[in-house]
Chemist: 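I am attaching a structure below and will ask some questions about it afterwards.
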Amino acid sequence: ETVYAYGMTLIPGVIDAHVHMRDPGLTAKEDLRSGSRACAKGGITTFLEMPNTNPATISQKLLEEKLTLAANKSIVNYGFFVGATLQNMEELKKATRTPGIKIYMGSSTGDMALTDPGLLEAIFAETKLPIAVHAEDETIIEKMKQELAGTRNVVDHSKIRSVEAEVASIKRACALAREYKHRLHICHVSAGASVDIFEDHADVITAEVTPHHLFLNVDDYLNLGTLAQMNPSLKTQEDNEALFQALLDDKIQIVATDHAPHTWEEKCGRYPETPSGVPGVDTALPLMLDMVAKDKCTMEDVVHWMCEGPALVWDILEKGRIEVGYDADLVLIDMNKTQVIHGPSMETKCRWTPFEGREVTGWPVRTWVCGKEVYRDGKFDESRMGVEAMFDHSRGGYWAGIE
Ligand code: DOR
Ligand code: ZN
Ligand code: ZN
Ligand code: ZN
């Protein structure tokens, strides 16, 4: 088939290394079909999903059940992290078919916080898979909650989920990674101060930043209220700028969404009962392309942060050799398209976005997964499912691949 694409830009499919698809168990928020359609529309051809579903992905059996679900429901390629709990060390040691182990060092959706310091250390000491951490110190969070008790509203979310809580947690994780020479990836860094810490540990550590931590800050609580509630919390405009600069300086290696859909009804409750998290797969690539349109970075930077970087961090192999020939995960981009972000026109089930009303330039218009077109101009082809991403951890990760 000949594809005519005059004036368009073709880039590799985006790999979103941090999403929550809510399947199984929380499918009123999202499921693997709706979430993968949102990916396809957003130019994401592979996602890596976190374990805080119901049941949580904490054993090889549950991991493989999720892989089977995805094989039947996802139109893009997929991989699943295995989550650390107080009692699944043996599972973590033998886990396969996974990008790595996810540890929640602080509490968040799904109650998977692992706050026992001895156990945390044991996981670094005894397991081999790369580790991804949600880094927020639970003791510091709890202390601030006590101080603010009674008067809490969503503006306090950023005081409770403070820079200090993130910094303390990242320091702890970095120290363990150094001591046990264990590969560590810091999820969704939210504060400029955090960048200064892991810059000293660049040989063992990689990090990611989300579009919402790059482009939203505490001033947005005014308009967004609990729609801007997520973990880690939003910080300041100075943090936005420091995080973008950290990407440009290669101190943060990848952009990932932390796509964390909750229904409109859930998000319209009262803080602190409201759930934390915002959707992201529909809007991540357009938001980054808008930075290209505004000359803040290049198209090559975006490909580096959203395609090449995540493949290197998580040792993703050329995948899906289910047929003879090559696999093309590709996105066609129209850099002349300017459009306003609008929740109801998104594919995620929750159909709201913290970026509502933002006009951005640069949109994906066609997406191919394994050589097959799955999305074109608002229409989907769901006749063939995505494939399981393959991970070869003997590759050694980002720093091994970047030489
Ligand atoms: O805001 C968040 N939402 N942060 C997390 O760590 C989890 C996520 C979710 O699953 O809702
Ligand atoms: Zn997290
Ligand atoms: Zn880089
Ligand atoms: Zn997350």
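First listed ligand is number 1; within each ligand, the first listed atom is number 1. Residues take their numbers from the sequence shown, with the count starting at 1.
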Chemist: What is the name of the N/O/S atom in Asp258 that sits closest to the Zn ion (ligand 4)?
Modeler: OD1
Chemist: Is the shortest heavy-atom distance from the side chain of Ile123 to the side chain of Tyr180 under 4.5 Å?
Modeler: no
Chemist: Would you say Ser36's side chain and Ile75's backbone share a donor-acceptor pair under 3.5 angstrom?
Modeler: yes
Chemist: Would one find an N, O or S atom of His134, in either backbone or side chain, under 2.8 Å from the Zn ion (ligand 2)?
Modeler: yes
Chemist: Could you tell me whether any N, O or S atom belonging to His18 is less than 2.8 Å from the Zn ion (ligand 2)?
Modeler: no
Chemist: Whether Glu91 and Lys94 form a salt bridge (side-chain N of Lys/Arg under 4.0 Å from carboxylate O of Asp/Glu) is what I want to check.
Modeler: yes
Chemist: For Met50, which part has a heavy atom under 4.0 Å from ligand 1: side chain, backbone, both, or neither?
Modeler: neither
Chemist: Does ligand 1 have an atom that lies less than 4.0 angstrom from a heavy atom of Gln229?
Modeler: no
Chemist: Write out the residue and atom name of the closest protein heavy atom to atom 3 (N) of ligand 1, then the distance separating them to 0.1 Å.
Modeler: Ser276 O, 3.0 Å
Chemist: Which of the numbered atoms in ligand 1 are below 4.0 angstrom from a heavy atom of Ala260?
Modeler: 3 (N), 8 (C), 9 (C), 11 (O)
Chemist: Given side chains that start at C-beta, do those of Asp239 and His213 come closer than 4.5 Å, heavy atoms only?
Modeler: no
Chemist: In Å and rounded to the nearest 0.5 Å, what is the NE2 to OG1 distance from His259 to Thr283?
Modeler: 9.0 Å
Chemist: May I ask you to list the atoms of ligand 1 that are less than 4.0 angstrom from any heavy atom of Arg22?
Modeler: 9 (C), 10 (O), 11 (O)
Chemist: Any side-chain donor-acceptor pair under 3.5 Å between Lys93 and Thr127?
Modeler: no
Chemist: Using distance alone, determine whether Met230 and ligand 1 share an N or O pair under 3.5 Å.
Modeler: no
Chemist: If you apply the rule ring pair (Phe, Tyr, Trp, His ring centres under 6.0 Å), what do you find for His393 with Trp314, and how did you get there?
Modeler: CA-CA 8 Å; His393 294 301; Trp314 296 113; 7.4 Å; no
Chemist: Verify whether the ring centers belonging to His18 and His188 lie closer than 6.0 Å.
Modeler: yes
Chemist: Nearest non-hydrogen contact with atom 11 (O) of ligand 1 belongs to which option: Asn231, Thr109, Leu26, Val19?
Modeler: Thr109
Chemist: With heavy atoms of His262 as the reference, note each atom of ligand 1 found under 4.0 Å away.
Modeler: 11 (O)
Chemist: Assess Lys102 against Tyr104: is NZ or CZ under 6.0 Å from the centre of the six-membered ring, and within 45 degrees of the ring's axis?
Modeler: yes
Chemist: For atom 7 (C) of ligand 1, what is the closest protein heavy atom, and at what distance to 0.1 Å?
Modeler: Ser108 OG, 3.2 Å
Chemist: Is the contact between His212 and ligand 1 made by the side chain, the backbone, both, or neither, using heavy atoms and a 4.0 Å cut-off?
Modeler: neither
Chemist: Below 3.5 Å, N or O to N or O, backbone or side chain included: is there any such pair between His134 and ligand 1?
Modeler: yes
Chemist: Non-hydrogen atoms of Met112 versus ligand 1: any pair closer than 4.0 Å?
Modeler: no
Chemist: N/O of Asn52 under 3.5 Å from N/O of ligand 1, yes or no?
Modeler: yes
Chemist: Taking only Lys NZ, Arg NE, NH1 and NH2, and the carboxylate oxygens of Asp or Glu, determine whether Lys145 and Glu142 approach each other closer than 4.0 Å.
Modeler: yes
